[in-house]
Amino acid sequence: MTIQQLKYIVEVSKCNTISKAAENLYMTQPALSKAIKSLEDEFDIVILERNNSKIVFTPQGLEFVTYAKQVLERVDNMEEHFISKEKKVNCFSVSTQHFAFAIKAFVDLVNLSSDDNFKFYFRECLTDDIIDNVALGQSDIGLLYMTSSSEKYISKMLKDKKLIFTPLKQVKPHVFLRKGHPLSNCDVIYPHQLADYPLISFSIDSNSVSFCPDNREFSKAKQIITLHDRSVAPHLISHTNGYNIGTGCIIDDMPGGNMISIPLGDNREIMNIGLISLKNEPLSDMAKKYLKLVKNVL
């Protein structure tokens, strides 16, 4: 496997056709197809299914693209750090779980900073990756939540990597579902009421449903939809009877306008949303601006 091969497969995912990707990469279609076939053989997986002139990424192929993007992003970070020091541009990067308020605050920050010479990075990550990104200096700050059931695990990781957690807000878990859902008129939703509806879950993050009162309650769902890309969740919730558990924060002008959130009943857990930063190091001015915007949205 080479970095170039990863760039090839990511370009194909952007174009959805071999011909257009080959054109953008200044190579022939047979050469591009051969490079992809080499990756498939090396990893013993099928990345692309070819149906006449169309291509479709297999589930393993989509997962492979996700990893490829992460690797290429880290390569870019290395090149920027070690090669481009003389042409250093001010950068601000945040790593966060899938929070609507974090996205809204980031949009506001970019709009307010349109005249500044800055590069902005927004990384939506798993819990462990958020911590690693901040510890390694790949992100200035991180945003995540802890509960009583995950606090011990996360706190140990933070201590080991010389990071601190600064609480921003405590919220009760809410159920996200669509307007017009059979449970949409409830003031509170209890776990047993959700048994007949699809649970939209994120299996790749061990912290994703750690605030549930009893994960067994939710594993009894008749249907479970597992996502690797969290950005798909608002669309699924808005157009199905599926549900997800989260902070309850919905931004009107962000994707998922057909969603509502209702408090989850019978739950003693509290989601403690907070900031992850390096111990004994002050926040940058841009980080302070972003943090202020996050607080305003919250």
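Interatomic distance, CE of Met157 versus NZ of Lys161, reported as 5.5 Å (0.5 Å rounding). The OG atom of Ser150 sits 9.0 Å away from atom CE of Met271, with the distance rounded to the nearest 0.5 Å. Taking CG of Asp196 as the start and CD of Gln223 as the end, the distance is 10.5 Å to the nearest 0.5 Å. With values rounded to the nearest 0.5 angstrom, Gln193 atom CD is found 9.5 Å from Leu264 atom CG. Once rounded to the nearest 0.5 Å, the distance linking CG of Asn244 with CE of Met259 reads 8.5 Å. Note that CG of Asn272 and CD of Gln170 are 4.5 Å apart. Values are rounded to the nearest 0.5 Å.
Looking at Ser113, its side chain does come within 3.5 Å of a backbone N or O of Leu109 through a donor-acceptor pair. Asn133 places no side-chain N or O within donor-acceptor distance of the main-chain N or O of Gln138, the cut-off being under 3.5 Å. Between the side chain of Ser13 and the backbone N or O of Val10, at least one donor-acceptor pair lies under 3.5 Å. Between the side chain of Thr240 and the backbone N or O of Leu236, at least one donor-acceptor pair lies under 3.5 Å. Remark: side-chain polar atoms of Ser155 are not paired, donor with acceptor, to backbone N or O of Lys152 under 3.5 angstrom. For Glu40 (side chain) and Leu48 (main-chain N/O), a donor-acceptor pair under 3.5 Å exists by modelled atom type. The backbone N or O of Ile130 sits nowhere less than 3.5 Å from a side-chain atom of Ser95 that would complete a donor-acceptor pair. With Glu281 contributing its side chain and Leu278 its backbone, the two residues share no donor-acceptor pair below 3.5 Å. In this structure a side-chain-to-backbone donor-acceptor pair under 3.5 Å is present from Thr58 to Gly61.
Cluster note: Val188 groups with Tyr190 through ILVMFWY side-chain heavy atoms spaced under 4.5 Å, whether in direct contact or through intervening members.
A 4.5 Å side-chain heavy-atom check between Leu291 and Leu283 finds at least one atom pair inside the cut-off. Residues Leu183 and Leu194 have side chains in contact (heavy-atom distance under 4.5 Å, counting atoms from C-beta outward). No side-chain heavy atom of Gln97 sits under 4.5 Å from any side-chain heavy atom of Cys125. At least one side-chain heavy atom of Leu168 sits under 4.5 Å from a side-chain heavy atom of Leu143. Annotation: side chain of Ile262 is not in contact with side chain of His174 (no heavy-atom distance under 4.5 Å). For the pair Phe120/Met286, a side-chain contact is recorded, criterion being any heavy-atom separation below 4.5 Å from C-beta on. Counting only heavy atoms from C-beta outward, the side chains of Met1 and Leu6 approach each other to under 4.5 Å. Using a 4.5 Å heavy-atom cutoff, the side chains of Lys179 and Ser184 are not in contact.
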Step by step, would you call Asp285 with Lys289 a salt bridge (charged side-chain N to carboxylate O under 4.0 Å, His left out)?
CA-CA 6 Å; Asp285 289 341; Lys289 287 182 182 179; over 6 Å; no
Just do the ring pair (Phe, Tyr, Trp, His ring centres under 6.0 Å) check on Phe106 and Phe122 with the steps written out, would you?
CA-CA 8 Å; Phe106 192 79; Phe122 187 89; 5.0 Å; yes
Please report the C-alpha distance between Tyr153 and Asp128 in whole Å, then the side-chain angles of each, then the deciding distance to 0.1 Å, and finally whether the side chain to side chain donor-acceptor pair (under 3.5 Å) criterion is met.
CA-CA 10 Å; Tyr153 167 74; Asp128 292 2; 3.0 Å; yes
Assess the residue pair Leu112 and Leu293 against the criterion (side-chain contact (heavy atoms from CB on, under 4.5 Å)); give the C-alpha distance rounded to whole Å, side-chain angles, the decisive distance to 0.1 Å, and a yes or no.
CA-CA 10 Å; Leu112 289 172; Leu293 291 169; 4.0 Å; yes
Evaluate Leu199 against Ile225 for side-chain contact (heavy atoms from CB on, under 4.5 Å), listing each step before the verdict.
CA-CA 6 Å; Leu199 166 65; Ile225 303 171; over 6 Å; no
Is there a ring pair (Phe, Tyr, Trp, His ring centres under 6.0 Å) between Tyr243 and His181? Walk through the geometry before answering.
CA-CA 10 Å; Tyr243 71 92; His181 188 284; 7.8 Å; no
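At a cut-off of 3.5 Å, with distance as the only test, no side-chain donor of Ser238 or Asn258 sits close to an acceptor on the other residue.
Linking ILVMFWY residues whenever their side-chain heavy atoms come closer than 4.5 Å, directly or via other members, leaves Val65 and Val46 in distinct clusters. The same ILVMFWY cluster, assembled from side-chain heavy atoms under 4.5 Å apart, contains both Ile55 and Met27. Linking ILVMFWY side-chain heavy atoms closer than 4.5 Å, directly or via other members, places Val75 and Leu25 in a single hydrophobic cluster.
Annotation: side chain to side chain contact (heavy atoms under 4.5 Å, CB included) contacts of Ile45 (sequence neighbours excluded): Phe43, Ile47, Gln60, Phe64. With sequence neighbours excluded, no residue satisfies ring-ring contact (aromatic ring centres under 6.0 Å, His included) with Phe57. Residues passing the side chain to side chain contact (heavy atoms under 4.5 Å, CB included) test with Ala21, sequence neighbours excluded: Glu11, Val12, Cys15, Leu32.
Counting only residues at least two apart or in different chains, ring-ring contact (aromatic ring centres under 6.0 Å, His included) contacts with residues 8-33 are absent. Counting only residues at least two apart or in different chains, ring-ring contact (aromatic ring centres under 6.0 Å, His included) contacts with residues 277-298 comprise Phe92-Tyr290.
Pairing each heavy atom of Asn241 with each of Pro182, the nearest pair is OD1-CD, 3.6 Å. Taking each heavy atom of Ile141 and Ala287 in turn, the nearest pair found is CG2-CB, 4.2 Å. Closest heavy-atom contact between Thr96 and Ala102: OG1-CB, 3.7 Å. Of all non-hydrogen atoms in Lys169 and Leu298, the two that sit nearest each other are NZ-O, 3.3 Å. Taking all atoms of both residues into account, the shortest heavy-atom contact from Cys249 to Ala100 is O-CB, 3.9 Å. Heavy-atom minimum distance, Ile224 versus Ser201: CG2-OG, 3.6 Å.
Here the rule is side-chain contact (heavy atoms from CB on, under 4.5 Å) with Phe176, and of Ile260, Ile250, Ile245 only Ile250 fits it.
Residue Asp187 qualifies as open at atom CG: its count of foreign heavy atoms under 6.0 Å is 12 or below. The environment of CG in Asp160 is crowded: more than 12 heavy-atom neighbours from other residues, nucleotides or ligands sit within 6.0 Å.
At a threshold of 4.0 Å, the pair Asp129-Arg123 does not count as salt-bridged, since none of the basic side-chain nitrogens sits closer than that to a carboxylate oxygen.
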